[in-house]
Visitor: 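I have a structure I would like to understand better, so I am pasting it below and will then ask my questions one at a time.
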Amino acid sequence: MLQKLGLFLAILCVTATAYGADDFSFENFAIVDSGDADINAGPVTLNADAGTVNVAGFDIAGIMLGMPFEDVQTLFFKTKGLYAPRQKNSIIYTIAKDWKYNLDYECRQQGIYAPAELEKCINSLARNRGLLYASELHLVRETTGEEIVVYFTSNATDNVVWRVVYTNDVNEVEGDAEKFANQREKKILAFWQNVLDKYAAPNSGTDKWITTSNAYDPMMTAYYGSLDLVDMGRFSTDTAKNVQQARENFHAKPYAF
């Protein structure tokens, strides 16, 4: 699942030197449709004698669920820390699919059909109406090979963090020799010990921390060399709100009968 990090395939890419609102240029990125989340929302159960934990209070490198994009951006763009924005495409922007369909129809009603002009019209309307939003932030710590991808909801739900995915290189194999297998096992063991030290023992199975048995509530899953902190309920609420608002604001022709 962690190889499928392109949740929002739709994307406007800018560099790590992120463009400010005043010098934002459509020439610096491309916009395509947003994708669907690929997350298992199946039921979860507590371990025997375990209690629920406030997973919404967990953090990964200081990033918590529900943090506004501006706060996360300030944390990693304006201060020097362990992580920095990756060199290229550090911020990814998108337009919710239903809204893009609305804007496509609206632009066509204005007689705009050429692909390049149509895309320009859609992009301009989206930005002017606050429909263009930062959907991903990519961070790296090059000295250790660690990476973090932060996912944000749309502006319809205040553009806040709904998922944080952390990965490192402990599961990578340098070779087949016994020494490499031994080193890999020790790296994994050290990673898991650090995870337990920070978050305590999982309260669901051997790898999950859950807030409730409802899979749409905040949850964290640990893998070999990775952590996935997610609030599927927040993402689902955002998606539903965009669909509803796009339907209500569709600019249909003014029929009269």
Visitor: Please list, chain by chain and in numerical order, all residues satisfying ring pair (Phe, Tyr, Trp, His ring centres under 6.0 Å) with Tyr83, sequence neighbours excluded.
Guide: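 For Tyr83, no residue satisfies ring pair (Phe, Tyr, Trp, His ring centres under 6.0 Å) once neighbours in sequence are set aside.
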Visitor: Taking 4.0 angstrom as the limit, do Asp238 and Arg234 come out as a salt bridge?
Guide: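 Result for this pair is no, no salt bridge flagged.
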Visitor: Taking all non-hydrogen atoms of both residues, which atom of Asn89 and which atom of His138 are closest, and how far apart?
Guide: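 Between these two residues, the closest heavy atoms are O-CD2, 4.1 Å.
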Visitor: Mind listing the closest non-hydrogen atom pair of Ser154 and Asn242 along with its distance?
Guide: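 Heavy-atom minimum between the residues: OG-ND2, 2.8 Å.
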Visitor: Tell me, please, which residues at least two apart from Phe76 pass ring pair (Phe, Tyr, Trp, His ring centres under 6.0 Å).
Guide: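 None.
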Visitor: For the backbone of Thr143 and the side chain of Arg141, can you confirm whether one donor and one acceptor N or O come within less than 3.5 Å of each other?
Guide: no
Visitor: Parallel, tilted or perpendicular: which describes the rings of Trp192 and Tyr224, with under 30° parallel and over 60° perpendicular?
Guide: perpendicular
Visitor: Could you pull out all residues at least two apart from Asp176 that satisfy side chain to side chain donor-acceptor pair (under 3.5 Å)?
Guide: none
Visitor: What's the shortest heavy-atom distance between Leu227 and Ala222, and which atoms?
Guide: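 Looks like CD2-CB, 3.7 Å.
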Visitor: Applying disulfide (SG to SG under 2.5 Å), which residue pairs with at least one partner in residues 104-208 are found, sequence neighbours left out?
Guide: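 Counting only pairs at least two positions apart or across chains, the disulfide (SG to SG under 2.5 Å) contacts touching residues 104-208 are Cys107-Cys121.
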Visitor: Same cluster or not: are Tyr151 and Val160 linked, directly or through other Ile, Leu, Val, Met, Phe, Trp or Tyr residues, by side-chain heavy atoms under 4.5 angstrom apart?
Guide: no
Visitor: So how far is it from Ile95 CD1 to Asn102 CG, rounded to the nearest 0.5 Å?
Guide: 11.0 Å
Visitor: Mark yes or no for whether Asn155, through its side chain, and Gly130, through its backbone, hold a donor-acceptor pair below 3.5 Å.
Guide: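 Yes, Asn155 side chain to Gly130 backbone: donor-acceptor pair under 3.5 Å.
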Visitor: In Å and rounded to the nearest 0.5 Å, what is the CG to OH distance from Leu139 to Tyr166?
Guide: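 So the gap between those two atoms works out to 12.5 Å.
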Visitor: Taking Asn168 for the side chain and Thr144 for the main chain, is one N or O donor matched with an acceptor at less than 3.5 Å?
Guide: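 No, Asn168 side chain to Thr144 backbone: no donor-acceptor pair under 3.5 Å.
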Visitor: Listed by chain and number, what are the side-chain contact (heavy atoms from CB on, under 4.5 Å) partners of Gln183, not counting sequence neighbours?
Guide: Glu174, Lys179, Phe180
Visitor: Tell me whether Phe58 is reachable from Phe152 by hopping between hydrophobic residues (I, L, V, M, F, W, Y) whose side-chain heavy atoms are closer than 4.5 Å.
Guide: yes
Visitor: Go through the structure and list residues passing side chain to side chain donor-acceptor pair (under 3.5 Å) with Gln244, not counting sequence neighbours.
Guide: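 For Gln244 the side chain to side chain donor-acceptor pair (under 3.5 Å) partners, ignoring immediate neighbours, are Glu248.
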Visitor: Do other residues, nucleotides or ligands put more than 12 heavy atoms under 6.0 Å from Gln109 CD?
Guide: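 Atom CD in Gln109 is crowded, with more than 12 foreign heavy atoms closer than 6.0 Å.
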Visitor: Rounded to the nearest 0.5 Å, what separation is found between the CD1 atom of Ile188 and the CG atom of Asn171?
Guide: 5.0 Å
Visitor: Let me confirm one number: the CE-OG1 distance from Met67 to Thr74, rounded to the nearest 0.5 Å.
Guide: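 The distance works out to 9.0 Å.
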Visitor: What I'd like to find out is whether the side chain of Glu136 reaches to under 4.5 Å of the side chain of Val149, using heavy atoms alone.
Guide: yes
Visitor: Find out whether Glu146 and Leu82 are in side-chain contact, i.e. whether some heavy atom of one side chain is under 4.5 Å from a heavy atom of the other.
Guide: no
Visitor: Would you say Ile91 and Gln73 make side-chain contact, with heavy atoms under 4.5 Å?
Guide: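 A side-chain contact exists here, since the closest heavy-atom pair is under 4.5 Å.
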Visitor: So, Asp228 and Thr221: side-chain donor and acceptor under 3.5 Å apart, yes or no?
Guide: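 Their side chains do not contain a donor-acceptor pair, so the 3.5 Å distance test is not met.
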Visitor: Between Leu118 and Asp104, does a side chain to side chain contact (heavy atoms under 4.5 Å, CB included) hold up when you go through it step by step?
Guide: CA-CA 7 Å; Leu118 185 61; Asp104 179 275; 3.3 Å; yes
Visitor: Is the side chain of Trp99 donor-acceptor paired with the backbone N or O of Leu131 at a distance under 3.5 Å, no angle test?
Guide: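 Between the backbone of Leu131 and the side chain of Trp99 there is no qualifying donor-acceptor contact (under 3.5 Å).
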Visitor: In the hydrophobic clustering that connects Ile, Leu, Val, Met, Phe, Trp and Tyr at side-chain heavy-atom distances below 4.5 Å, which members other than Val140 occupy its cluster, ordered by chain and number?
Guide: none
Visitor: Applying side-chain contact (heavy atoms from CB on, under 4.5 Å), can you list everything that pairs with Ala240, at least two apart in sequence or on another chain?
Guide: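 Per chain and number, Ala240 pairs via side-chain contact (heavy atoms from CB on, under 4.5 Å) with no residue.
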Visitor: Checking side-chain contact (heavy atoms from CB on, under 4.5 Å) against Ser90, which of Arg86, Gln87, Lys88 comes through?
Guide: Arg86
Visitor: Any carboxylate oxygen within less than 4.0 angstrom of a Lys/Arg side-chain nitrogen, looking at Glu119 and Lys100?
Guide: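 Salt bridge present between Glu119 and Lys100.
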Visitor: What's the separation between atom CH2 in Trp162 and atom CG in Leu65, rounded to the nearest 0.5 Å?
Guide: 10.0 Å
Visitor: For Tyr216, look at atom OH and say whether over 12 heavy atoms of other residues, nucleotides or ligands are found less than 6.0 Å away.
Guide: no
Visitor: Quick check on the hydrophobic clustering: are Val243 and Met232 connected, directly or via other members, by side-chain heavy-atom contacts under 4.5 Å?
Guide: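 Val243 and Met232: separate clusters.
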Visitor: Taking side-chain hydrogen bond (donor to acceptor under 3.5 Å, both in side chains) as the criterion, tell me which of Lys186, Glu178, Arg184 meets it with Asn182.
Guide: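 Testing each of Lys186, Glu178, Arg184 against Asn182, the sole residue satisfying side-chain hydrogen bond (donor to acceptor under 3.5 Å, both in side chains) is Lys186.
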Visitor: If you round to the nearest 0.5 Å, how far is OG1 of Thr239 from CG of Asp98?
Guide: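 Those atoms lie 9.5 Å apart.
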Visitor: Side-chain contact, heavy-atom cut-off 4.5 Å: Leu132 with Asn123?
Guide: no
Visitor: Can you give each donor-acceptor pair under 3.5 Å made by side-chain atoms of residues 42-51, sequence neighbours left out, with the distance rounded to 0.1 Å?
Guide:
from	atom 1	to	atom 2	distance (Å)
Asn47	OD1	Gly205	N	2.8
Asn47	ND2	Pro202	O	3.2
Asn47	ND2	Gly205	O	2.9

Visitor: Can you name the side chain to side chain donor-acceptor pair (under 3.5 Å) partners of Thr212, sequence neighbours left out?
Guide: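 If we apply the side chain to side chain donor-acceptor pair (under 3.5 Å) test to Thr212, skipping adjacent residues, the hits are Asp217.
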Visitor: Name all pairs fulfilling the side chain to side chain donor-acceptor pair (under 3.5 Å) condition that reach into residues 52-61, sequence neighbours left out, sorted by first residue then second.
Guide: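 Listed once each, the pairs are Asp59-Lys198.
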Visitor: In terms of hydrophobic clustering (I, L, V, M, F, W, Y; side-chain heavy atoms under 4.5 Å; direct or indirect links), are Tyr199 and Ile148 co-clustered?
Guide: yes
Visitor: Of the non-hydrogen atoms in Glu172 and Lys187, which two are nearest, and what is the gap between them?
Guide: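 Shortest heavy-atom contact: O-NZ, 4.3 Å.
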Visitor: Can you give the donor-acceptor pairs under 3.5 Å from side chains of residues 249-257 to other protein atoms, not counting sequence neighbours?
Guide:
from	atom 1	to	atom 2	distance (Å)
Asn249	ND2	Gln245	O	2.7
His251	ND1	Glu106	OE1	3.4

Visitor: Looking only at atom types and distance, does a side-chain atom of Asn203 sit under 3.5 Å from a main-chain N or O of Ile210, one as donor and one as acceptor?
Guide: yes
Visitor: Could you pull out the closest heavy-atom pair between Ala201 and Leu196, with the gap in Å?
Guide: CA-CD2, 3.9 Å
